[in-house]
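Heads up: numbering here begins at 1 and tracks the sequence. When reading the values below, keep in mind they use all heavy atoms of this one structure, side chains included, and skip hydrogens, waters and symmetry mates.
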Amino acid sequence: MQYIAPVFIGVLYALLMSLIREPHRRRFNAIMVGGAGAAYLSGGGLDGWEFAFTVVATYVAYRGLESWTFIGIGWLLHTAWDIVHHIKGNPIVPFAHGSSLGCAICDPVIALWCFRGGPSLLRFFRKGRPEEQPAAAALPDSLSAGRAAGNG
């Protein structure tokens, strides 16, 4: 169960994030991955390397404000940091020895969702309702009206 539960947690994370509409979903996730980058600062056990990782994670999170790819990269970087902590450092949750391993299993699930563009997973539960369009693909009303009339 220690290997299966983190996968479900990653899927649950993506489902809950689906409640946030774009482009706010992407920006909120950039903030989340930035916070994850600082998760070990208060006692991760790797001294100055904790600060170096936080600097890298902060940069990647900043780039993630406009890019799902960078958010996915941030989650994969955090996965690698979780593995290092599982082997050499302190766990992310001090009273749960396997928490860094669980995080290392959960984070790639979130990263995969991010690399897909952070789509709303709620569409699987909505029958007969139109899918959410990505913000960049939506046309302004004046353009869509022109295309419908055959002018575009």
Side-chain angles (χ1 to χ4, degrees), residues 1-140:
M1 192 66 179
Q2 83 176 27
Y3 303 112
I4 305 291
V7 173
F8 286 121
I9 292 169
V11 171
L12 180 63
Y13 176 89
L15 278 169
L16 289 173
M17 290 297 113
S18 296
L19 296 171
I20 302 172
R21 296 182 63 84
E22 280 291 359
H24 307 293
R25 182 183 315 137
R26 184 187 65 243
R27 293 182 186 135
F28 186 81
N29 275 275
I31 293 167
M32 291 295 289
V33 80
Y40 288 104
L41 270 180
S42 67
L46 296 176
D47 302 323
W49 292 108
E50 303 292 357
F51 292 102
F53 179 78
T54 301
V55 168
V56 172
T58 301
Y59 172 76
V60 171
Y62 173 74
R63 295 293 307 269
L65 288 169
E66 300 298 327
S67 168
W68 277 107
T69 301
F70 272 95
I71 298 169
I73 290 168
W75 283 115
L76 291 181
L77 286 171
H78 193 258
T79 299
W81 206 233
D82 289 326
I83 292 168
V84 168
H85 277 85
H86 179 69
I87 295 169
K88 294 281 187 191
N90 297 328
I92 195 165
V93 179
F95 55 84
H97 177 70
S99 59
S100 290
L101 177 61
C103 201
I105 296 168
C106 175
D107 292 350
V109 174
I110 299 170
L112 287 173
W113 174 72
C114 292
F115 287 133
R116 301 264 314 155
S120 175
L121 299 182
L122 296 177
R123 68 178 183 263
F124 296 114
F125 302 105
R126 295 179 178 164
K127 295 185 182 201
R129 295 173 107 181
E131 284 191 34
E132 178 182 303
Q133 289 186 357
L139 293 174

Tell me, please, which residues at least two apart from [X] pass side chain to side chain contact (heavy atoms under 4.5 Å, CB included).
X	value
Cys106	Pro6, Ile9, Ile110
Ile31	none
Thr69	Ser67, Ile73, Phe115
Ala38	Leu41, Thr54

**Complete:** Separation between CD (Glu22) and CZ (Arg25), nearest 0.5 Å, reads 4.5 Å
Using every non-hydrogen atom in the two residues, find where [X] and [Y] come nearest and quote the distance to one decimal.
X	Y	value
Val109	Val11	CG1-N, 3.9 Å
Trp113	Pro119	NE1-O, 2.8 Å
Leu65	Arg26	O-NE, 2.9 Å
Ile71	Cys114	CG2-SG, 3.5 Å
Pro108	Cys103	CD-O, 4.5 Å
Ala111	Trp75	CB-CB, 3.8 Å

**Prompt:** Of all residues at least two apart in sequence or in a different chain, which pass the ring-ring contact (aromatic ring centres under 6.0 Å, His included) check with Phe70?
**Reply:** none
**Message:** Show, in sequence, the C-alpha distance, side-chain angles and deciding distance for His86 and Asp82, and conclude whether the side-chain hydrogen bond (donor to acceptor under 3.5 Å, both in side chains) test is met.
**Reply:** CA-CA 6 Å; His86 179 69; Asp82 289 326; over 6 Å; no
**Message:** Classify the ring geometry of Phe53 against His78: parallel below 30°, tilted from 30° to 60°, perpendicular beyond 60°.
**Reply:** tilted
**Prompt:** Do the non-hydrogen side-chain atoms of Trp68 and Asn29 ever get within less than 4.5 Å of each other?
**Reply:** yes
**Request:** State, with a plain yes or no, whether a side-chain heavy atom of Trp81 is found less than 4.5 Å away from one of Leu46.
**Result:** yes
**Request:** Could you tell me whether Leu19 atom CG has more than 12 heavy atoms of other residues or ligands within 6.0 Å of it?
**Result:** yes
**Prompt:** Is the backbone N or O of Leu121 less than 3.5 Å from a side-chain atom of Ser18, with the two atoms forming a donor-acceptor pair by type?
**Reply:** yes
**Qualifying side chain to side chain donor-acceptor pair (under 3.5 Å) pairs, either residue in residues 87-103, two or more places apart** = Tyr40-Ser100
